[in-house]
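Order of the sequence lines sets the chain letters (A, B, ...), proteins ahead of strands, with each chain counted from 1. Fair warning: this is a prediction, and the values are worked out from it, not measured in the lab. In what follows, every heavy atom counts, from backbone to side chain, and hydrogens, waters and symmetry copies are set aside.
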2 protein chains.
Amino acid sequence: MTELEKYIQTYFGVSNDELSKISAFFKPVSLKKGAYFLKKGMHADRLGFVQSGIIREFVSIEDKEITKWISTKGYFVVDLSSFVFKQTARWNIQALTDCELYVIDNSDYLKIGQVIPHWTELEKLFIAKCFTVLEDRIIQHLSMTAEERYLALFSFNKDLFNQVPLQYLASMLGMTPETLSRLRKKTVG
Amino acid sequence: MTELEKYIQTYFGVSNDELSKISAFFKPVSLKKGAYFLKKGMHADRLGFVQSGIIREFVSIEDKEITKWISTKGYFVVDLSSFVFKQTARWNIQALTDCELYVIDNSDYLKIGQVIPHWTELEKLFIAKCFTVLEDRIIQHLSMTAEERYLALFSFNKDLFNQVPLQYLASMLGMTPETLSRLRKKTVG
DNA sequence: GCTTGCTCTTGACAAAAATCAAGAAGTTTA
DNA sequence: TAAACTTCTTGATTTTTGTCAAGAGCAAGC
């Protein structure tokens, strides 16, 4: 079973037979460091799965880049509002390192529903799960200090802090790089 | 067409015939000020639509109440993780004023799918839309100051500030009541 | 090997926001 | 109507976080 199939299995709980039907639609795509999977304002007609490497989703607001999320192995990358609602993309999606993705375009994606019974139901559940994750993230911002948010992310995934430029993690945590630097110093020594 | 049908029409874009089939499942429920529609830890087996009144979704964290959202007329109230995934509820949902709701329980909700073709697809789209709203809210917290978040909410819905106790709006905006009070003074006078 | 960039850290300072405490204003209750 | 609550405001102060500026540490490329 490929990495992709393993994750689809975990997320969607489909049979092995269905699994191979789904994963057959995905095509490997390499992305060089710095290259964009998607640019804001374009049309997101594809969904990616991160096989290896690090990808950043961000948006520029008044000369600042706001990093919404960092995706590593096992994450899907997509601009949902664009992929689902055919609107122009709201996020930039850029490779921070060389990446290996598995990519499916929208027309093939629609074919999954024809092959897998109840696929729409599985999609719904997956998106609902993503919704609850964002709910948690909102609560973090309403109830935690910068330090607490840093500690929460650090305990959730220590490796990120070795692999990802800290300026992007700072942005994703809602603080400046200087503040993150000081918090790291404070909570280590 | 009832208020409920009007909103379902707007959100889901179904035919008039389907509309009345759907809305027939909803039953009117009155909620007295202070009463709970749902308590954290319970099982959320119903979905509500706010016909009138104000409802607060919140969670208690270390002796503080964090208000996640304030729902007024036209909003659905539900704990999605509990309603969809049968987990225990993560949010308290409480009436801030006397409320009129339309409520559907989970078993009736499941019947909608048997009556309306493509209902699961419509559900998926609705939840996806909710997801993108939360994405925006995350970006607000990553990129805006407390004052900017206050101004954004105020320009989006001025009425809220007359109808809802300010302490709850402050929490929902991620600031203390004192800070909100000062921002209001600052930006009016 | 030596620039040239980048990224991160550090320091000094400023601004934003939280905390603590007190009091005003408005509601509810007895 | 008065007392008891609750909510909101205000002031004084502290803490947290951001800004600006400089420099250290590395890595890539010439």
Note to self: Go nucleotide by nucleotide along DNA chain C from the 5' end; which of B/Thr176 and B/Lys33 gets its closest nucleotide reached first?
What the structure shows: B/Thr176
Notebook entry, point to check: Looking at DNA chain D, which of residues 155-167 of chain B put a heavy atom within less than 4.0 Å of it?
Noted result: B/Pro165, B/Leu166, B/Gln167
Notebook entry, point to check: For A/Thr145 and D/dT16, is the shortest distance between a side-chain N/O and OP1 or OP2 below 4.0 Å?
Noted result: no
Distance in angstrom units between [X] [atom1] and [N] [atom2], rounded:
| X | N | atom1 | atom2 | value |
| --- | --- | --- | --- | --- |
| A/Leu180 | D/dT19 | CG | P | 15 Å |
| A/Arg184 | D/dT17 | CZ | C1' | 18 Å |
| B/Glu62 | C/dT19 | CD | C1' | 16 Å |
| B/Glu147 | C/dA18 | CD | P | 13 Å |
| A/Glu65 | C/dT7 | CD | P | 10 Å |
| A/Leu96 | C/dT7 | CG | C1' | 13 Å |
| B/Leu169 | D/dT9 | CG | P | 11 Å |
| B/Ile54 | D/dT7 | CD1 | P | 14 Å |

For [X] and [Y], does a side-chain donor sit closer than 3.5 Å to a side-chain acceptor?
| X | Y | answer |
| --- | --- | --- |
| A/Ser20 | A/Ser23 | no |
| B/Arg149 | B/Gln140 | no |
| B/Glu5 | B/Tyr102 | no |

Could you work out which one of [options] sits closest to the side chain of [X]?
| X | options | result |
| --- | --- | --- |
| A/Arg182 | C/dT9, C/dG11, C/dA18 | C/dG11 |
| A/Lys185 | C/dT10, C/dA17, D/dG18 | C/dT10 |
| B/Glu178 | C/dT19, C/dA18, C/dT7 | C/dT19 |
| A/Ser181 | D/dT7, C/dT9, D/dT19 | C/dT9 |

Next item on the list: Flag the pair B/Phe58 / B/Tyr168 as yes when their ring centroid distance falls below 6.0 Å, and as no otherwise.
Entry: no
Next item on the list: Please list, chain by chain and in numerical order, all residues satisfying side chain to side chain donor-acceptor pair (under 3.5 Å) with A/Glu147, sequence neighbours excluded.
Entry: A/Lys186
Checklist line | Electrostatic pair A/Asp98-A/Lys33, nearest N-O below 4.0 angstrom | finding: no
Notebook entry, point to check: Stepwise, does the side chain to side chain contact (heavy atoms under 4.5 Å, CB included) test hold for A/Glu65 with A/Val59?
Noted result: CA-CA 6 Å; A/Glu65 290 187 349; A/Val59 62; over 6 Å; no
